[in-house]
Protein chains: 2
Amino acid sequence: MAGRAAEPEVIWARPERAGRGPRPAYTRRDIADAAVRIADSDGLEAVSMRRVAAELGCGTMSLYNYVPRKEDLYELMVDAVSGEYDLPEKPSGDWRADMTALAHQTRALMYRHPWLARVMTTAYFLSPNALRYLDWCLGCLAPLDIEPGLKMQLIAMVNGTVMATVVNEQALAERARSLPWTEEQEQSVRAAYLARQAAGGRYPHLAELLAAPSVPVDPDEIFDMTIARLLESFAPPVTGA
Amino acid sequence: MAGRAAEPEVIWARPERAGRGPRPAYTRRDIADAAVRIADSDGLEAVSMRRVAAELGCGTMSLYNYVPRKEDLYELMVDAVSGEYDLPEKPSGDWRADMTALAHQTRALMYRHPWLARVMTTAYFLSPNALRYLDWCLGCLAPLDIEPGLKMQLIAMVNGTVMATVVNEQALAERARSLPWTEEQEQSVRAAYLARQAAGGRYPHLAELLAAPSVPVDPDEIFDMTIARLLESFAPPVTGA
DNA sequence: TCGTAGTTACGTACACCGTACGTAGTGCGC
DNA sequence: GCGCACTACGTACGGTGTACGTAACTACGA
């Protein structure tokens, strides 16, 4: 009975290589890399079990020996790119600087892999590289004397904030990618629509904003400011004297 | 020629009712409500064109008279639930209080509709209710004397932060929802795995954290703190005297 | 040493998906 | 009242995730 088990499980709890039987032709890493390659070049929606199998050169159903569900394929992908973090030998001692640098790395990672932010909405952070990342964060936060639970919250909020920022920045580009027109066309159509709506009088504040001469805002600056303030919100108040 | 157009377009730019021809049997609102009903009860993955059509009692392809692409169905859904915002007659004058209240409403909304946070990753905020929301936000921020572009960033960051928080809180529940086991089973399997990994010695800080007596952290408190700090990060420094 | 049980590989098949296309009927604008 | 743009929707196609069955293979227990 049973055959392929349907118990609650985490893919990382499975040994990569079982004792008996022929040795697997691929490693998890091979599979993850193939999927990442496809997602990077053709977008997340191009990542299908068939396509990944083809990229590897094996039969579709063979993949299910490695990956019980497609969802777990995403887990593999997140783990693979999480390996790109450059984590120094040891924390600097300045937890704010370390966490800020980490946030920048995450943002860069999400730009290198435009599908990452969206997938992270679905992944569960138990992979080896995710744990390595988490452990590193906790190491950075060692000098910070707050509840352990708070530290986890801090880490989650920093990651979440980066994710939110990037998702926001990428929404337009991502839509254009999967539709048969360019980002510029899309943008101009949206701008025109917005102007028309604002002119309708239903949205006076929006109209005012659109009418005002727009001074470009530097997203990097906002990003840094936000992360800085977020970190501050977790630090105990500096009660000098 | 052309038939159904494939130009770059926003669904909200299409008139809901065309001049000629028989009057449509449903409104956009009907369709959005049906989709929301399905997503609320059976999860986002249950929302298919066929299923929504069935819920409405019409043929599948009839839906395409109203919704050119499935993606636009999501747009309709977000618009529909965005209508649940309770926006007072006029801002209070205290923009921090107004934005904080709004953030709380958003969080509540995302708990009422567990699919919302994930879909917002994909939607584009040009719907009538989204514009109504945006305009209200800008009204709240009227007393705040900063660049208009910065105000948009502020709004985006507040929404993004709420989204990040909720996605983080819901990840586990969402996974359990779509798999044939309970959230408790999933949680215990994950906890066991985590403990095992921590015991392996590869993650010393994580091990330490898990060993420490855990004091429960109040997520609401963190949420409030984070939003407050975020708002502060956009306010000009209070240069008293 | 040799079954044999557990694995790997993978072809076939199924239910479901989004949606292109064609056709029939309806009612507004000219 | 003619014509045409619109609504309705059945059929069909190419894709998806994956259950299941089968054949080959290998490490372990006897």
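No experiment lies behind these values; they were computed from the predicted model shown. Quick note on labels: first sequence line is chain A, next is B, and so on, each numbered from 1.
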Check your understanding: Any ion pair linking B:R28 and B:D79 (charged N to carboxylate O, less than 4.0 Å)?
Key -> no
Any base atoms under 4.0 Å from [X], or only sugar-phosphate, or nothing? Heavy atoms, all strands.
{"X": "A:G21", "result": "base"}
{"X": "A:A25", "result": "sugar-phosphate"}
{"X": "A:R17", "result": "sugar-phosphate"}
{"X": "A:Y26", "result": "nothing"}
{"X": "B:S48", "result": "sugar-phosphate"}

Point to revise | Beyond-backbone contact of B:L102 with B:V158, side-chain heavy atoms, under 4.5 angstrom | key: no
Review point. Can you check whether A:S62 has a side-chain N or O nearer than 4.0 Å to OP1 or OP2 of C:dC10?
Key: yes
Check your understanding: Below 4.0 angstrom from OP1 or OP2 of D:dA8, is there any side-chain N or O of B:Y66?
Key -> yes
Side chain of [X] only, please: which of [options] is the nearest?
{"X": "A:M49", "options": "D:dG17, C:dA5, D:dC9", "value": "D:dG17"}
{"X": "A:A18", "options": "C:dT7, D:dT7, C:dT19", "value": "C:dT7"}
{"X": "B:M61", "options": "D:dT7, C:dC21, C:dA9", "value": "C:dC21"}
{"X": "B:P22", "options": "C:dT8, C:dG27, D:dA19", "value": "C:dG27"}

Exercise for review: Apply side chain to side chain donor-acceptor pair (under 3.5 Å) to the pair A:S62 and A:N65, showing each step before the final yes or no.
Suggested key: CA-CA 6 Å; A:S62 306; A:N65 286 317; 5.2 Å; no
Study note, to complete from the structure: Contacts of B:G57 and A:A46 projected onto DNA chain D by closest heavy atom; the upstream (5') one is B:G57
In whole angstroms, how far is the [atom2] atom of [N] from the [atom1] atom of [X]?
{"X": "A:E45", "N": "C:dC17", "atom1": "CD", "atom2": "C1'", "answer": "15 Å"}
{"X": "A:Y64", "N": "C:dG11", "atom1": "OH", "atom2": "C1'", "answer": "15 Å"}
{"X": "A:R28", "N": "C:dT8", "atom1": "CZ", "atom2": "P", "answer": "11 Å"}
{"X": "A:R23", "N": "D:dT26", "atom1": "CZ", "atom2": "P", "answer": "10 Å"}
{"X": "B:R20", "N": "C:dT26", "atom1": "CZ", "atom2": "C1'", "answer": "13 Å"}
{"X": "B:L63", "N": "D:dA8", "atom1": "CG", "atom2": "P", "answer": "10 Å"}
{"X": "B:L56", "N": "D:dC9", "atom1": "CG", "atom2": "C1'", "answer": "14 Å"}
{"X": "A:N65", "N": "D:dC25", "atom1": "CG", "atom2": "P", "answer": "16 Å"}

Check your understanding: Is the number of heavy atoms from other residues, nucleotides or ligands within 6.0 Å of CD (B:E183) greater than 12?
Key -> yes
Study note, to complete from the structure: What one should report as the nearest heavy-atom pair of B:L73 and B:A35 is CD1-CB, 4.2 Å
**Study point:** Base C:dG18 paired with B:R50 side chain (donor-acceptor, <3.5 Å)
**Key:** yes
Exercise for review: Measure up the B:Y133 and B:Y85 rings against each other and bin them: parallel (under 30°), tilted (30 to 60°), perpendicular (over 60°).
Suggested key: tilted
